[in-house]
Amino acid sequence: METGSPHDAGTADVPGTPTPATADVPATDADAEPGAGTKPDAGTEPVWHALPPGLLTMRRLLLVVWLGLLTLATALVPGLLAGPAWGAFAVLPLALLLWGWVMLERNWRSWRYAERADDLLISRGVLWHEETVVPYGRMQLVEVTSGPVERHFGLASVQLHTAAAATDATIPGLDPDEAERLRDRLTELGEARSAGL
């Protein structure tokens, strides 16, 4: 036998009283779990591109040529003129060569670039890390350069010139096809952004 009135059973209809059942209430963004039902912004995490290993090979070869010649000269000249003991000074450029061999790889690994929706990111540096942001709308000139040594190793560099000289940037040691693709894309994006200003 029930003793309550029909009015007691309908307390959910009274203004100001909490509703015990929430199944029919639509969930708000605040109630949802983080990331549930929402697509992450595609531009939040940039896709980084590393430099090709040919750049490291070229730089190490140049290091060996220059410091190898210096090591040889430091060993021979003092050794012949002042005695064999003075040839021990050749250890200094040899140690510098070994240190440079390791540091060149660390520097090469630190270089990377990423194309985002509105700008280009360039990150580099081992001891002093530097990250440059180049907005597409500020680019005035994008050119591909390749010196004789770079051409021998099949490499090219992309140079970015902007309205402010402080934001000029270079991406060295790219494959020529990638350098040309990047130049064409950056030029196209730069023209589109500057036309919208």
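Nothing fancy with the numbering, it's 1 onward along the sequence.
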Next item on the list: For side chain to side chain contact (heavy atoms under 4.5 Å, CB included), just list the numbers for T162 and Q140, CA-CA rounded to whole Å, side-chain angles, deciding distance to a tenth of an Å, and then say yes or no.
Entry: CA-CA 5 Å; T162 62; Q140 293 182 333; 5.8 Å; no
Notebook entry, point to check: Who passes salt bridge (charged side-chain N to carboxylate O under 4.0 Å, His left out) against E130, sequence neighbours left out?
Noted result: R124
Next item on the list: Kindly say whether D119 contributes a backbone atom to a donor-acceptor pair with the side chain of Y136 at under 3.5 angstrom?
Entry: yes
Item checked: For T71, side-chain contact (heavy atoms from CB on, under 4.5 Å) partners two or more places apart -> A90, P93, L94
Notebook entry, point to check: Which pair of non-hydrogen atoms, one from V144 and one from A179, has the smallest distance, and what is that distance?
Noted result: CG2-O, 3.6 Å
Next item on the list: Please name all residues satisfying side-chain contact (heavy atoms from CB on, under 4.5 Å) with L96, sequence neighbours left out, ordered by chain then number.
Entry: L67, W99
Margin query: For L141, give me all partners under side-chain contact (heavy atoms from CB on, under 4.5 Å), at least two apart in sequence or on another chain.
Written below: E143, H161
Check: After noting the C-alpha distance and the side-chain angles of L186 and L160, does the key distance pass the side chain to side chain contact (heavy atoms under 4.5 Å, CB included) rule?
Finding: CA-CA 9 Å; L186 295 178; L160 313 169; 3.5 Å; yes
Next item on the list: Specify the closest pair of heavy atoms between Q159 and T145, including all atoms of both residues, with the distance to one decimal.
Entry: NE2-OG1, 3.9 Å
Checklist line | Distance (rounded to the nearest 0.5 Å) between L97 CG and L104 CG | finding: 9.5 Å
Check: In the single-linkage hydrophobic clustering (I, L, V, M, F, W, Y; side-chain heavy atoms under 4.5 Å), do L55 and M103 co-cluster?
Finding: yes
Check: Salt bridge between R181 and E188, side-chain N to carboxylate O under 4.0 Å?
Finding: no
Note to self: Under the criterion side chain to side chain contact (heavy atoms under 4.5 Å, CB included), I'd like the reasoning laid out for I171 against I122: C-alpha separation, chi angles, the key distance, then a yes or no.
What the structure shows: CA-CA 8 Å; I171 304 175; I122 302 172; 3.7 Å; yes
Notebook entry, point to check: Strictly by modelled atom types, are S157 and E150 linked by a side-chain donor-acceptor pair under 3.5 Å?
Noted result: yes
Margin query: Test your reading of the model: is there a side-chain donor-acceptor pair from R106 to the backbone of V126, 3.5 Å cut-off?
Written below: no
Checklist line | Modelled atom types, side-chain donor and acceptor of S110 and H129, under 3.5 Å | finding: no
Next item on the list: Using salt bridge (charged side-chain N to carboxylate O under 4.0 Å, His left out) as the criterion, list what pairs up with D118, not counting sequence neighbours.
Entry: R193
Next item on the list: Please answer: with hydrophobic residues joined when any side-chain heavy atoms are less than 4.5 Å apart, are L92 and W66 in the same cluster?
Entry: no
Next item on the list: Would you confirm whether W108, through its side chain, and P52, through its main-chain N or O, come within 3.5 Å as a donor-acceptor pair?
Entry: yes
Next item on the list: Could you pull out all residues at least two apart from Y113 that satisfy ring pair (Phe, Tyr, Trp, His ring centres under 6.0 Å)?
Entry: H49
